[in-house]
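Comments concern the structure below.
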Amino acid sequence: MKNHRNLVCITLIMLLSSASLLAQSAIRGRVTEKESGNPIPFVYVYVKGSSVATSTSDDGTYMINVGPNATLVFSSLGYVTVEEVVGNRATINVSLAPDTFNLEEVIAVAYATTRRRDLIASVATVRGDDIAKTPVASLNEAMQGKMAGVQISSASGTPGGAIVVRIRGSASITAGNDPLYVIDGIPMVVTDYSQMAFGGQTTNPIASINPSDIENIQVLKDAAASALYGSRASNGVVLITTKSGRAQKAKVTFDASYGVRDLFREVQFLGTDQWLMAQNEARTNFNKTFGYVPGDSRYVSPISAEVLGADTDWFKEVTKQNPMTANIQVGVSGGTDNTQFYLSAGYYKEEGIQKTTQYDRYTFRTRISHRFNSRVRIDVNTSFSTTDQDRLYGDNNIFGPIFNASRNRPDQPIYDPNDPTRYYPTIRNNPVACFQEMYGFNRQQRLMGRFLLEWNVVDNLVFRSSLNATYTYIHELAKFYPKSPQAALWLDESRDYNTYLNDYLVENTLSYNKVFGKLSTSALIGQSFLQNQITRNHVFATGFPIEGFRWIETASVASGFSSSFREFLMESYFGRLSASIDDKYLIEGTIRSDASSKFAKEHRVGYFPSGSLGWRVSKESFFPQSRVLTDAKIRGSIGLTGNQDGIPHHRYLTLYGIVGYDDRAGAFPQAAMSTRDLTWEKTLQTDIGLDLIFLNGRIEFTYDYFTKNTRDLLLTISVPITTGHTTKTENIGKMKTTGHEFSVFSRNVVRKFRWSTSFNITYFDNKSIVTALSKNPAGEWEFINTGVASRIDVGYPLSTFHVIKALGIYQNDSDVPESLYRIGVRAGDVMFEDFNGDGQISAADRQMNKSGMPTAYGGLTNTFSFKGFDAEVGLQFSIGNYMYTYWKETDGAANGGRSNFAIMKEHWENRWTPENPHNNPMYPRFVSGGTSGPAGYNTQARSTLWLQDASFLRVKSLTLGYTLPSNISQKIQTDRVRFYVNAHNLFTFTKYDGMDPEVHFSPTANAETGVDFFTVPQMRSFTFGINISF
Amino acid sequence: MRHTLIILTFAVLTASSCSNYFDHPPTYAIAEEEITREIYPVLRTGLYDGIQSPWTLFWLTEDNSADNLVYRTSFFQHGEIDNNQIPIDNSFMNTNWSNMFRAIVACNKFIAALNQESDKTASVGGLTINQYLAEARAIRAYCYYHGIKLWGDFPYVDENTTEEEARTIARSPVAQIIPKIIDDLKFAQVNTRLYTVTGPKYLSQEAITALLARVYLYNDDLTNAGIEAEKIIASTSMGITNDYLGIWRASNDRELIFYLTANNVDQNAHGFYLRAQNNNGRFELPVDATLVADFALEPTDSRRGVIEASGLALPYAYQSIKYNNADNSDIWPVARVAEMYLISAEVNGYPAGLTRLNEVRVTRGLPALTTDVIITEREFYTALMRERRLELCFEGHRFTDLKRMCRKYNLDITQYLPNITGINDTNLWYPVPLTQINLNPNLTQNSGYF
């Protein structure tokens, strides 16, 4: 924080500076804390109305030269600012009261910092203190449930797996919905560039940042905050500021933790005995339905155990008992007045619930800043990280161990009883073979460097120039050994991939601040050049001498190879003008132009303006002065942002792809048609906000109403093949999101016992409603079927399910319509709505129904401290999001004896029977698929039977900590020693009966949210840790 | 001074504006506007790939529609084709139709560029402009021949069309397209090079002669079909041999007039669909039991070696091993010498045609058929059709053979294809893909498809 405090103080000084400095005299003094009397270092002491400033040293003392009639201002984050008229004193000692109401808090915004007081944009913050308290795998987790308007869900529990971050809903269908991440000013590549498809899994590059290195996170939500990032800001911007050193003697922090984890819920499957009973009931019901008797070729005979004595708990076989997490982290910071440093090293390990999956992260960070003199400063920030991920093929894949555990019958063993070296040929892929016979490794290394120069050219005018580079290397190696269920498809192939990303960014800004009486103004202009290069290569080979060999050097035949290079360039200019009149009226305008290499010359440049206004009502004379309402600000903004993810390179050109024939290179026109006038997706955002502060800062309240209207959505449409092309990408769709955000932070008790509460909720009036798509020749909107059960259609939110409505269960045979009775539908089967009225139940009866996106989400966090104890309870909730239980339908867990696959206990115990007729829960009778008849009538129809309300309330984090009294910690020569225990995901309250209501089938497919494929769930964890500083 | 230096260094490092960079052409593909005559050899190679890699799903369609293959598993679209009940949204129909047009448009674009060249005899990269034109026009003709034999009336484009125009192009009658095909092939026959120069992997004069013979036959122009077929039979650089299996094992390319080659990187999938699981395949399309029975009638037939037990029970007991490379580097035969003998046999009719027919039979290890055995014309054509089946199975001929010959020689097609009720419009033609009709209202559907 120091760094930004520096900046802001300089800014403040500039704002307040007046040129005249008269006779000087030295003032000395000491600044202490009001209650404790302890000295406070780093208090900014400056002469009001001038640029003269200093800061207190470790013992709280300072010295400053002042003129006559001067007033000294003592300002420090977390304390109430104090002003002292110097008069004829030579010593001024000041004690500062802890501040609970801090409008002076400095927060990072696009290309600058600002005081919260001056903010007229919508920005949410998480402070580093909140992140550092408990170990988290990635900084996204630290943000979960803590910021209004920011929805963060863990799409899968795979270690290092993707996390889905959505700021104010979705603004795109195809072009990506991830926010732009900017770390210390460097836009970070967060796309998963792994080349190997792991069955829907993606990795989370954000996880490569050590959360302990983070000072704070700001999320820029509206256009006023984000439009300065122009063409990449439609999904919001996450600004991450890392820690920097302070002028003090070196301080070491050491954090370590160890945790164990488990599933908070498992789905129970029938063991062999019950499974046989269930299967035979299904077979009896089938024969009875059609009147088949033994001897009839269509009669289905009773089933008996395939291997006597086998009773395999597949789920137990593929999951690890109590996988662990461990975290060790060392940080050193310190420095002199001119040079400060922050160094850190960290190691984090996480084991997955699927056997053999794990994740290791090593991080190193160095930040050094040096001030040559009062005008020139440099700041160098370097970080290196390695993440090693042992992966398996399938979070969401028919080759995944957990998925197959949910399908395989219990009367089959893992290994062939006659030959234990062979896997038993199970009805679906052998779940144990799925992980034992597969090798998947992903290593991502990232080196980030930033060199910043800051030059105070003349008073009030600051030039900043930065050179930034990020190098990312990804190595992947995967092999399916000969006994793997995948081996046949892969032909014993080993696949080895290398990916290199080089990102260079050069940025120059010039900022100017000036105060004219009651009018304070600031201006910024800047230029930015971005170069993004991707180099990839891979080698595939087959013919290994020994099972288990995987490196290509041991292969005999090369079966595939490639190398490729892509480059993306962007050149941008931007500017901001802001003014504040008497702290009462605030106005700001920004504009950015981006030129992107993805577009044709004439469409290359896009302009992204924004404007915002703020009115501090509480400063108006008519506003009643009150101790209750301390500060009130109304703000509004409008602006345009863009999105260019998902636009392929050179789509404006007609391209001939490179092909081969007879070992010669050829060129053949690509299937995709060129679109000369392709351009960015654009989102027009408006925001109306209200910031209220009550009781001198005890309660802070923020409300925002926001709208996001996206146009020029990129969609791929079909073109007649007589053009030689099959598809083209066009800017045609439109989408609309409107909603409300509400957040309140209250310091309920601020005595020795401290208790504070923060609550936030985001509610959508329109959750990403599609308002335009392409039209067919008849002028009707075309819809897009996507995923397993989702459809994009005009008038409906993204991720709306397209399914048949299940109305209930037929209680009597006589209730079944003749057309369905004929095909074998009976009492106990599901009554589907015959939407098109043709007497049959088919895909044509599907209707738009519910969405995988929540209507509201938010969190509630309570923190307590008393003497050495601290506690925090963080809740996270999501309301109105539905989940399609793909894992239950057809041959899934609720197949009801349709096939010889595993059967979930819940269905068996709650099935409809003549003895136990019911409608709720809607679990139909057991009936075999047989060889004809109603095979899959109940289970195969993609219906609301499989759609569940996945709203949830989660005790995301529960922490109890104890800090040793300072006299004890000093005895062991430390400044501070804290122990804590933490429970993550301790409780989850939901009606959803899968393993995790948060999972996503395909985290990158935005229009298919809310499909559970028996995806690897998040776990509950219990962690013990220690923080030491000395 | 020190600070000034630092600042200056930065200014130099950061003052980088590189807008001219932005127009760099792609390094992973060729932009159409960058195409010059130096690229002609590359475009030519691209045309061959255009009828190779993308067509790999397409090649077995006829054998599957007819009685040479059955559908076992995986792509249900293959099952719909096997059942002769193809829905209008069968995705293979759209893929095949589309891949054909992608190749046609690639040819059209190349032909348009070549036609701009003033000196057609000028040489670029070892070939003259006319030789490039010959191959591009022959490949276009080959595509259109596939189009009309499977779909009947077909949209015909021989120049670049805009998206707007493409939304209105109607189907042209077969009778209008065939002269254009013949025109293209005749131009190619005159202008392309000899087999001895090109080898069997590229279009030679002989390859085009064979295609012409086939098109003439299809168009019922027996005289010309016979003339072209006899040119191949008379050739000394190729002929029929007694090593039938060798054709498929690269030990015998005397019988291959023209084939599409592949390696283990640019793999073909047809062998993968045909081979059993115990033979590195997916066994999507086992050999039809009637073909197995047909082979069993004459045990000395050397061609019988191309089917082999699959390890599964009937009706999936046999797999085709014509394309037997585990790394999917199998060839696709476009034209073979034996077909020319059989065309000539058909042209000569009964009984004169028995000579050419028997030349094939004897070469394959079978006794010659005599007029004592083949007593009627009808028996002759039945025997000829059977011979074509055994000789050319899994090479994409059978469905057209059945439709053409049963109609022409009054044979009962339902005897071969029990799923259909005689030759009518519905089973004579494949359905026009719904996707394309939706994009172009002027594209009419074949009758019987809804």
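The chains referred to below are lettered A, B, ... by the order of the sequence lines, with proteins before strands, and numbering in each begins at 1. Just so we're clear, the structure is a prediction, and the values are computed from it rather than from any experiment.
- Proximity to chain A (any heavy atom under 4.5 Å) is restricted, for B:Q436, to the side chain, taken from C-beta onward.
- Annotation: maximal heavy-atom pairing with chain A below 4.5 Å, among B:V157, B:L47, B:L43, occurs at B:L43.
- Across all non-hydrogen atoms, the minimal contact from A:I552 to A:S494 is CD1-O, 3.9 Å.
- Contact of A:R375 with chain B is not made at all, since no heavy-atom distance falls under 4.5 Å.
- Counting heavy-atom pairs under 4.5 Å between each of A:L653, A:I717, A:V557 and chain B puts A:L653 at the top.
- Both the backbone and the side chain of A:Q670 have a heavy atom closer than 4.5 Å to some heavy atom of chain B.
- If you look at A:Y504 and A:F529, their ring centroids are not closer than 6.0 Å.
- For B:P433, no part sits under 4.5 Å from any heavy atom of chain A, backbone or side chain.
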Kindly indicate, with the supporting measurements, whether the criterion side-chain contact (heavy atoms from CB on, under 4.5 Å) is fulfilled by B:I30 and A:L655. CA-CA 6 Å; B:I30 298 173; A:L655 294 183; over 6 Å; no

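- Looking only at heavy-atom pairs under 4.5 Å with chain B, the residue among A:A778, A:A665, A:G657, A:A558 that has the most is A:A665.
- In terms of non-hydrogen atom pairs under 4.5 Å with chain B, the most contact-rich of A:S564, A:S674, A:A671 is A:A671.
- When heavy atoms are compared at a cutoff of 4.5 Å, A:Y652 approaches chain B solely by way of its side chain, counted from C-beta outward.
- Contacts between A:M673 and chain B at a heavy-atom distance below 4.5 Å involve the side chain alone, from C-beta outward.
- Using a 4.5 Å cut-off between heavy atoms, B:I169 contacts chain A through its side chain alone, with no backbone atom that close.
- Heavy-atom distances place both the backbone and the side chain of A:A595 under 4.5 Å from chain B.
- At a 4.5 Å heavy-atom cutoff, the contact between A:T723 and chain B is made by backbone and side-chain atoms alike.
- Comparing B:P54, B:P25, B:S98 by how many heavy-atom pairs each has under 4.5 Å with chain A, the most go to B:S98.
- With respect to B:K109 and B:E32, a salt bridge is recorded, a charged nitrogen being found less than 4.0 Å from a carboxylate O.
- When heavy atoms are compared at a cutoff of 4.5 Å, B:P26 approaches chain A by way of both its backbone and its side chain.
- Salt bridge present: B:D330 and B:R275 bring a charged side-chain N and a carboxylate O closer than 4.0 Å.
- Taking chain A as the reference chain and counting heavy-atom pairs below 4.5 Å, the highest number among B:L260, B:N263, B:T435, B:L443 is found for B:L260.
- In this structure, no portion of A:F540 lies under 4.5 Å from any heavy atom of chain B.
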Before you tell me yes or no, could you show the steps for A:V462 and A:W455 under side-chain contact (heavy atoms from CB on, under 4.5 Å), namely the whole-Å CA-CA distance, both residues' side-chain angles and the distance that decides it to 0.1 Å? CA-CA 6 Å; A:V462 180; A:W455 177 29; over 6 Å; no

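- In summary, the side chains of B:N160 and B:N108 do not present any donor paired with an acceptor at a separation below 3.5 Å, with no hydrogens or angles considered.
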Determine, stepwise, if the pair A:Q531 / A:E567 fulfils side-chain hydrogen bond (donor to acceptor under 3.5 Å, both in side chains). CA-CA 7 Å; A:Q531 183 185 38; A:E567 186 176 51; 2.8 Å; yes

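- If you measure heavy-atom distances from B:N438 to chain A, the contacts under 4.5 Å come from the backbone alone.
- Taking the centre of each ring, B:H146 and B:W55 come in below the 6.0 Å mark.
- Across all their heavy atoms, A:D379 and A:S369 have their closest contact at OD1-CB, 3.5 Å.
- Side-chain contact of B:Y28 with A:H650: a donor-acceptor pair under 3.5 Å is present, judged by distance alone.
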ring-ring contact (aromatic ring centres under 6.0 Å, His included), that's the test. Do B:F110 and B:Y40 meet it? Break it down for me. CA-CA 8 Å; B:F110 192 23; B:Y40 290 168; 5.5 Å; yes

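- If you measure heavy-atom distances from A:K728 to chain B, the contacts under 4.5 Å come from the side chain alone.
- With a threshold of 4.5 angstrom between heavy atoms, B:T27 approaches chain A through side-chain atoms but not through N, CA, C or O.
- When B:Y132, B:Y48, B:F258 are each tested for a ring pair (Phe, Tyr, Trp, His ring centres under 6.0 Å) with B:Y202, only one passes: B:Y48.
- Interface remark: A:D662 contributes backbone and side-chain atoms alike to the contact with chain B (heavy atom separation under 4.5 Å).
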